[in-house]
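Structure record follows, encoded as structure tokens.
Keep in mind that this is a model prediction, so the values were computed, not measured. Just so you know, these numbers use all the heavy atoms, side chains as well, and skip hydrogens, waters and symmetry mates.
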Amino acid sequence: IAELHADLMRPLVTALREAGVPEPDGVAALVNGAVSAAAGQVRRGDDLRATRRRLQRFVLGAVGVSSDRAGRPAAR
């Protein structure tokens with residue numbers, strides 16, 4: 001299970017590194033916690049779309065990436 005989890009986290013760590021986010025491994029672990037919390041909200045009945053938007057705003061704000069830059073590497 002730990003190996004599968006590492007495989008799932010690798011693309012996130014890479015994206016954070018490419019975006020210039022400091023300490024991408026640690027930040028990825030925090031993002032994972034936020035995703036887990038959002039999943040719990042949906043399981044308890046929160047609207048999926050609203051939760052997804054809330055999670056996206058939270059994560060992008062926390063890592064310092066604006067939504068217009070999401071998915072693109074940081075300029076170097």
Side-chain angles (χ1 to χ4, degrees):
I1 291 179
E3 187 176 318
L4 177 60
H5 184 261
D7 288 345
L8 291 172
M9 294 292 284
R10 196 168 293 116
L12 175 58
V13 172
T14 299
L16 291 169
R17 186 174 290 115
E18 289 175 356
V21 174
E23 303 180 55
D25 292 298
V27 172
L30 294 172
V31 169
N32 185 60
V35 170
S36 180
Q41 292 174 359
V42 171
R43 277 193 306 273
R44 288 187 296 279
D46 284 13
D47 180 72
L48 174 62
R49 288 188 179 118
T51 302
R52 185 185 65 214
R53 285 191 302 270
R54 190 168 52 243
L55 176 64
Q56 182 179 21
R57 282 192 310 270
F58 175 78
V59 170
L60 293 177
V63 300
V65 176
S66 65
S67 59
D68 62 318
R69 278 188 45 217
R72 294 194 308 261
R76 299 197 192 254

Apply side chain to side chain contact (heavy atoms under 4.5 Å, CB included) to [X] and list each qualifying residue two or more places apart in sequence or on a separate chain.
X	answer
Arg43	Ala39
Val13	Arg17, Pro24, Asp25, Ala28
Arg52	Arg49

Please answer: with hydrophobic residues joined when any side-chain heavy atoms are less than 4.5 Å apart, are Val63 and Leu8 in the same cluster?
no
Could you give the distance from [atom1] ([X]) to [atom2] ([Y]), rounded to the nearest 0.5 Å?
X	Y	atom1	atom2	value
Phe58	Thr51	CZ	OG1	13.5 Å
Asn32	His5	CG	NE2	4.0 Å
Met9	Leu4	CE	CG	12.0 Å
Arg53	Asp47	CZ	CG	7.0 Å

Decide yes or no for Gln41 and Leu55: does some side-chain heavy atom of the first lie under 4.5 Å from some side-chain heavy atom of the second?
no
I need the minimum non-hydrogen distance between Val27 and Pro22, along with the two atoms involved.
CG2-O, 3.5 Å
